[in-house]
Protein chains: 2
Amino acid sequence: MPGRYKSSSVTLKTIAQAAGLDVSTVSRVLSGTPDEVSRAASPATAAAVRDWAQRLGYHPNPHAKSLRTARSNLIGVLVPRLSDMVLATIYEGVEDAGARNGLATFVMNTYDRPAEQRARIDLALSRHVDGLILGDAHRDAVVLDEVAARGVPFVLVSRYASKYPSVTCDDYLGGSLVAEHFLDLGHVKVGVVAGESFASTGVDRSSGFVDTYRKAGIEVLTVNSAFDARGGHEAAEYLIKQAPNLTAIFAVNDFAAIGVLGAVRDAGLRPGRDIAVAGYNDTQLAAELPLPLTSVRSPLHTMGTRALELLVSVLRGQNPSSERLAPELVIRESTLLHVRNS
Amino acid sequence: MPGRYKSSSVTLKTIAQAAGLDVSTVSRVLSGTPDEVSRAASPATAAAVRDWAQRLGYHPNPHAKSLRTARSNLIGVLVPRLSDMVLATIYEGVEDAGARNGLATFVMNTYDRPAEQRARIDLALSRHVDGLILGDAHRDAVVLDEVAARGVPFVLVSRYASKYPSVTCDDYLGGSLVAEHFLDLGHVKVGVVAGESFASTGVDRSSGFVDTYRKAGIEVLTVNSAFDARGGHEAAEYLIKQAPNLTAIFAVNDFAAIGVLGAVRDAGLRPGRDIAVAGYNDTQLAAELPLPLTSVRSPLHTMGTRALELLVSVLRGQNPSSERLAPELVIRESTLLHVRNS
DNA sequence: ACGATTGTCCCAAACGTTTGGGTATGGTTA
DNA sequence: TAACCATACCCAAACGTTTGGGACAATCGT
């Protein structure tokens, strides 16, 4: 009865009966390699089968398929927080690439808490994922070592750790780009809002920055922080109290940078004018802020897609090489007003 | 061989053999109702089974279970964009509640494009989801009507449409709260950045606002926009050009509001001081902006959890009633400076 | 002391696939 | 014309569950 297909209860058997064939033949036609199908049925029969499948609206039952083949075509993704736009954008990339590769994906938050990481990994494994993409790796790779010991295929994204395959941005370079920019502008009293010490992103961005300044013979004030606006706010408050003569602050994350802007203003200083501010990731927001924010653009979406593809190659058994994508400095007013002014 | 469990190939049969029982008994003990288990095995046997399951690290194979029961315990979630923090936060709520209810969830972007919506819904159905949560409903419920016609259980979240079950924020009320606030402050020349006309959120927020002003005998300038910073920026540019004497703008979304702040500044005006600005959703960012943003707090996470729970009740066959959660106005400097100044 | 009841468990079919084997039929080859 | 070989199929088992229906004791009521 065409025109009324509820929950797609048309199976191989339905088609087999319609076409007067065996389910095995139908199966081979519908999901075999070109080679298999030619061995399984005559061209005419194959066409008929495909026609029936089309007409009946056949969709293979993924559970039956997974049960039989012991492959779920399912990938679990762990992130610190999905409501962090950075991770959400990366996940969009993962999801996109997954769809293109016939892999379903799902995300879970771990809030950067090892206990949650373990719990979520167990959950993913109980769903029989084929592999994991971890966006929440800590530098001490203890949870990762556990996963690896269990033989679960996985790749890292955004952050790297130990020598596990990863797709990251060249954060060290990104940090040094900001430092060079600041040096060009003549800033000698500068601070870094360095993010969390367990994340390679924050660490690399800040050490790229610090090292570059050090090469110029200048020491930099550094303070760790959460990766969000509040974290940036608090960190900047601290920096300004420690060194009231600061003229520039690099926050390793756009949201932290926004917090920095707030703290600067709260200190009675003019963001951008009295204290230059730069962020990282070049979020949508950066360009649209009342004070457009200088930021390092990192290819978030691409990182996601490349991570998925890297995982695919791991699943194929190829031994994978980590990838480090290039960042790009985007200069905006938040670091330009000071110069004009001095 | 304990200590070496790779991909959890311990099945009911493994346990049955270990305990010297039949798989059916083990199954009933492990996943029957208390009633069933007591009918299936003696307390001692049941304990032994559970003990073996524990010791062997048994995890039921979800594919086998789904195949057998024709229920996947899988929920598909559609959102316009996951990198929109608002939707990401709602999804976090969905995911949380899903985990609590033994339901797996996954999200997909539709970019508010009907073609994508249909494609993603098909994709979800081909994964045999038990139900859908749609965060991207359009007011003309044409895609929704199609889904309903196919008999797929679904609920809406964030936006409502037609008379489909939904969990939303009382956006009309939210808009009117802002209007009352603006009226209190004495603003008579005001504009609204109204969001997309196909989304109930934008429409309700702006009409709540407009109606309240109209009751006070004041007409309001309104312009539609995208829900992001750039959209807010462009819309505010337009408003300011149309009515240079504007003293307050309500943007139906925090990100749009940030764009508005930028546009105000670009127009050579002082945000907050020359033009008061209010947003919606009370995003993390709102409080931390250099100019803290007055915003309407909507219970995003809760909306997500309630939506999942509503879907659960739909799946149980109970006929569900939509839920409208209360918003709350959070007043900050972006609407306060003007007053002090006048 | 007999049938009825209960407690404890097992058997077997089914869900929709995939896949390693068949087995007819017809056409070539020697 | 017998042996052979493709071609075009089909059979049946298996993946790990769930679930309706037994089966076999021991216990009970009378």
Side-chain angles (χ1 to χ4, degrees), chain A residues 7-50 52-53 56-73 102 125-128 130, chain B residues 7-49 52-53 56-74 102 125-128 130:
Chain A
S7 57
S8 175
S9 54
V10 32
T11 77
L12 287 182
K13 197 199 288 188
T14 321
I15 298 178
Q17 282 165 350
L21 293 168
D22 187 83
V23 294
S24 62
T25 307
V26 177
S27 170
R28 281 187 247 253
V29 167
L30 255 23
S31 48
T33 64
D35 208 65
E36 277 177 331
V37 28
S38 79
R39 224 176 301 113
S42 71
T45 313
V49 166
R50 276 189 266 263
W52 277 112
L56 297 173
Y58 171 71
H59 289 286
N61 183 317
H63 305 118
K65 179 179 299 213
S66 296
L67 177 58
R68 177 57 229 243
T69 62
R71 292 196 78 243
S72 61
N73 293 318
L125 293 180
S126 79
R127 296 216 208 299
H128 284 222
D130 287 341
Chain B
S7 55
S8 175
S9 54
V10 32
T11 76
L12 287 181
K13 199 200 291 190
T14 322
I15 298 177
Q17 282 165 349
L21 293 167
D22 187 83
V23 293
S24 61
T25 308
V26 177
S27 171
R28 283 187 246 252
V29 167
L30 255 24
S31 48
T33 64
D35 208 64
E36 277 177 328
V37 27
S38 79
R39 223 177 301 112
S42 72
T45 312
V49 166
W52 275 111
L56 295 173
Y58 171 71
H59 288 286
N61 183 318
H63 306 116
K65 177 178 301 210
S66 296
L67 177 57
R68 177 58 228 247
T69 61
R71 294 196 77 242
S72 61
N73 293 319
L74 224 204
L125 293 179
S126 81
R127 296 217 206 300
H128 284 225
D130 287 341

> Output all residues satisfying side chain to side chain donor-acceptor pair (under 3.5 Å) with A:Ser31, sequence neighbours left out; order by chain, then residue number.
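Once residues adjacent in sequence are excluded, A:Ser31 has no partner under the side chain to side chain donor-acceptor pair (under 3.5 Å) criterion.
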
> Between CZ of B:Arg127 and CG of B:Leu74, what distance do you get to the nearest 0.5 Å?
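The CG atom of B:Leu74 is 8.5 Å from CZ of B:Arg127, to the nearest 0.5 Å.
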
> Which nucleotide of DNA chain C is the first, and which the last, in the 5' to 3' direction, to come under 4.0 Å of a heavy atom belonging to chain B?
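Listed 5' to 3', the contact boundaries are C:dT8 to C:dG16.
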
> Rounded to the nearest 0.5 Å, what separates atom CG in B:Leu67 from atom CG in A:Asn61?
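Between B:Leu67 CG and A:Asn61 CG, I get 6.0 Å after rounding to 0.5 Å.
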
> If you look at every heavy atom in A:Ala41 and A:Thr25, which pair is closest and at what distance?
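So the minimum-distance heavy-atom pair works out to CB-CG2, 4.1 Å.
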
> Ignoring hydrogens and angles, tell me if any N or O in the side chain of B:Ser66 forms a donor-acceptor pair with the backbone of B:Pro62 under 3.5 Å.
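Answer holds: yes.
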
> Which distance, rounded to the nearest 0.5 Å, do you find between the OG of A:Ser72 and the NE2 of B:His63?
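Here the rounded value is 5.0 Å.
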
> Would you say the side-chain atoms of A:Thr69 pair up with the backbone N or O of A:Lys65, donor to acceptor, closer than 3.5 Å?
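Side chain of A:Thr69 to backbone of A:Lys65, a donor-acceptor pair under 3.5 Å: yes, one is there.
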
> What residues from residues 20-34 of chain B pass a heavy-atom cutoff of under 4.0 Å to DNA chain C?
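Those residues are B:Gly20, B:Leu21, B:Asp22, B:Ser24, B:Thr25, B:Arg28.
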
> Specify the closest pair of heavy atoms between A:Asn73 and A:Gly102, including all atoms of both residues, with the distance to one decimal.
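For A:Asn73 and A:Gly102, the tightest heavy-atom pair comes out as CB-O, 3.8 Å.
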
> Would you compute the distance between atom CZ of B:Arg28 and atom OG1 of B:Thr33 and round it to the nearest 0.5 angstrom?
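B:Arg28 atom CZ to B:Thr33 atom OG1 measures 11.0 Å (nearest 0.5 Å).
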
> Dump every N/O contact between nucleotides 5-8 of chain D and the protein below 3.5 Å, one line per pair.
none

> Is any side-chain heavy atom of A:Arg50 less than 4.5 Å from a side-chain heavy atom of A:Val29?
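Contact flag for A:Arg50/A:Val29 side chains = yes.
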
> Enumerate the protein-to-nucleotides 22-24 of chain D contacts in which both atoms are nitrogen or oxygen and the separation is below 3.5 Å.
none

> Do A:Ile15 and A:Leu56 make a side-chain contact, defined as non-hydrogen atoms from C-beta onward lying under 4.5 Å apart?
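Answer yes - side chains close enough.
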
> Does any non-hydrogen side-chain atom of B:Trp52 lie less than 4.5 Å from one of B:Thr14?
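They are not in contact (no side-chain heavy atoms under 4.5 Å apart), so the answer is no.
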
> Establish, from distance only, whether the side-chain atoms of B:Ser24 and B:Asp22 form a donor-acceptor pair under 3.5 Å.
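There is such a pair (donor and acceptor under 3.5 Å, judged by atom type) between the side chains of B:Ser24 and B:Asp22.
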
> How far apart are the closest heavy atoms of B:Ala16 and B:Val26, and which atoms are they?
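Heavy-atom minimum between the residues: CA-CG2, 3.7 Å.
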
> Considering only heavy atoms, which members of residues 61-71 of chain A lie under 4.0 Å from some atom of DNA chain C?
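Within this stretch, A:Asn61, A:Ala64, A:Lys65, A:Arg68, A:Thr69 sit under 4.0 Å of the strand.
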
> Is there side-chain contact between B:Leu30 and B:Val49, with heavy atoms separated by less than 4.5 Å?
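In short, these two side chains touch, coming nearer than 4.5 Å.
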
